[in-house]
Every structure is written in structure tokens, then in C-alpha cells.
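Please read the structure below before turning to the comments.
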Amino acid sequence: VQLQASGGGQVQAGGSLRLSCTASGFSLDYYDIGWFRQAPGKAREGVLCMSGDDEHTYSADSVKDRFTISRDNAKNMVYLQMNNLKAEDTAVYYCAAEIAPQLPIDTMCRGAFKRWGQGTLVTVSS
């Protein structure tokens, strides 16, 4: 039972990347999902999170209108589309999932997830 993030790399400011998160050993159906990041010397922060019914999302102010979260339940995958990347987006990005947590999605995006994947490094050069 695991989550694995991929798709990181180096990109110039203004560019785009799409991160993928693959779930294995369980189905993502009805799971809250989230993307988090941790920059060097900084605390981990919630970037974008979405409820299990896809009805509710939470986005950090710093990524609003630039990043989008989505899922493909048939492929058991979660995506983070990142556009107009900035140097301050440089971080290790992690995906997370939780089934029926009974907590608001903004609370989940403060780190209440229990299942975490290994991270993928995104480096944005200015």
C-alpha cells in the first residue's frame, strides 16, 4: 500500500510541469487527496487538496490560479498541473491520501493525511 509521486524536474520560471501520484495496493475512489511541498529550510505546506467527492478543494494562496489538482480514478492516479512556475515554487512535492476523514478539506490540507508518498523534486530557475 503506497503512494509514489513523479514528474519533478528542473524548469525555467514561467514554465509548466505536471506531477503524477500513483496509488498501489488500494483504490483512490472516495479518498481525499492532497499535494504538499517542502522547500529547503522551510516547513511543509499544503498546496492543493481535494475532497473524496471532488466537491471541495483547498488551495494555498501562493498557487491559486496557477496550480490545478485532478484525479483519474480509472488509472488510480492524482495529478498536480503547475503553470507559470516561480523560483519560490522550488521544493520537494509530496502526495497524500485519506479515506473519509470527516474533516474539512482545509483542515486536511494542514497535514491531517495519514498516507504519504515519497516526494519528487521540482526546481525552478529564474
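Scope of the values below: all heavy atoms of this structure, side chains included, with no hydrogens, waters or symmetry mates.
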[atom2] on [Y] to [atom1] on [X], rounded to 0.5 Å:
| X | Y | atom1 | atom2 | result |
| --- | --- | --- | --- | --- |
| Ile99 | Ile33 | CD1 | CD1 | 11.5 Å |
| Cys95 | Met77 | SG | CE | 9.5 Å |
| Thr90 | Leu121 | OG1 | CG | 8.0 Å |
| Lys114 | Met108 | NZ | CE | 7.0 Å |

Keeping the roles fixed (side chain from [X], backbone from [Y]), state whether a donor-acceptor pair exists under 3.5 Å.
| X | Y | result |
| --- | --- | --- |
| Thr120 | Ser6 | no |
| Gln12 | Ser125 | no |
| Asp72 | Lys75 | yes |

For [X] and [Y], work out which heavy atoms get closest and say how close.
| X | Y | answer |
| --- | --- | --- |
| Ala60 | Gly46 | CB-O, 3.5 Å |
| Ser16 | Asn83 | OG-OD1, 3.0 Å |
| Ala112 | Thr107 | CB-O, 3.9 Å |
| Cys109 | Leu48 | SG-C, 3.9 Å |
| Phe26 | Gln2 | CE2-O, 3.8 Å |
| Tyr79 | Trp35 | O-NE1, 3.3 Å |

Do [X] and [Y] have side-chain heavy atoms sitting under 4.5 Å apart?
| X | Y | value |
| --- | --- | --- |
| Met82 | Tyr93 | yes |
| Cys49 | Ile69 | no |
| Ile105 | Met50 | no |
| Leu17 | Val122 | yes |
| Phe67 | Asn84 | no |

Would the number of heavy atoms belonging to other residues, nucleotides or ligands and lying under 6.0 Å from [atom1] of [X] be above 12?
| X | atom1 | answer |
| --- | --- | --- |
| Gln118 | CD | no |
| Asp53 | CG | yes |
| Tyr30 | OH | no |

- Short side-chain donor-acceptor distance under 3.5 Å, Asp32 and Ser51: no
- Message: Are Phe113 and Leu28 connected into the same hydrophobic cluster when the rule is that any two of I, L, V, M, F, W, Y join if their side-chain heavy atoms are below 4.5 Å apart?
- Response: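 Different clusters.
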- Short N-O contact, Glu45 and Arg37, less than 4.0 angstrom: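 Yes, this pair counts.
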- Sidechain N-carboxylate O distance under 4.0 Å for Lys86, Asp89: no
- Message: Given Val63, which partner from the list Leu80, Thr68, Leu85, Val47 fulfils the side chain to side chain contact (heavy atoms under 4.5 Å, CB included) test?
- Response: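 Answer after filtering Leu80, Thr68, Leu85, Val47: Val47.
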- Query: So, is the end of the Arg110 side chain (NZ or CZ) under 6.0 Å from the ring centre of Phe36 and within 45° of the ring's axis?
  - Reply: no
- Message: Run the side-chain contact (heavy atoms from CB on, under 4.5 Å) test on Ser70 and Val78 for me, step by step, so that the C-alpha distance in whole Å, both residues' side-chain angles and the decisive distance to 0.1 Å come before the verdict.
- Response: CA-CA 6 Å; Ser70 62; Val78 179; over 6 Å; no
- Task: Report the C-alpha distance between Leu3 and Arg115 in whole Å, list the side-chain angles of each, state the deciding distance to 0.1 Å, and finish with yes or no for side-chain contact (heavy atoms from CB on, under 4.5 Å).
- Result: CA-CA 8 Å; Leu3 295 166; Arg115 294 179 188 263; 4.1 Å; yes
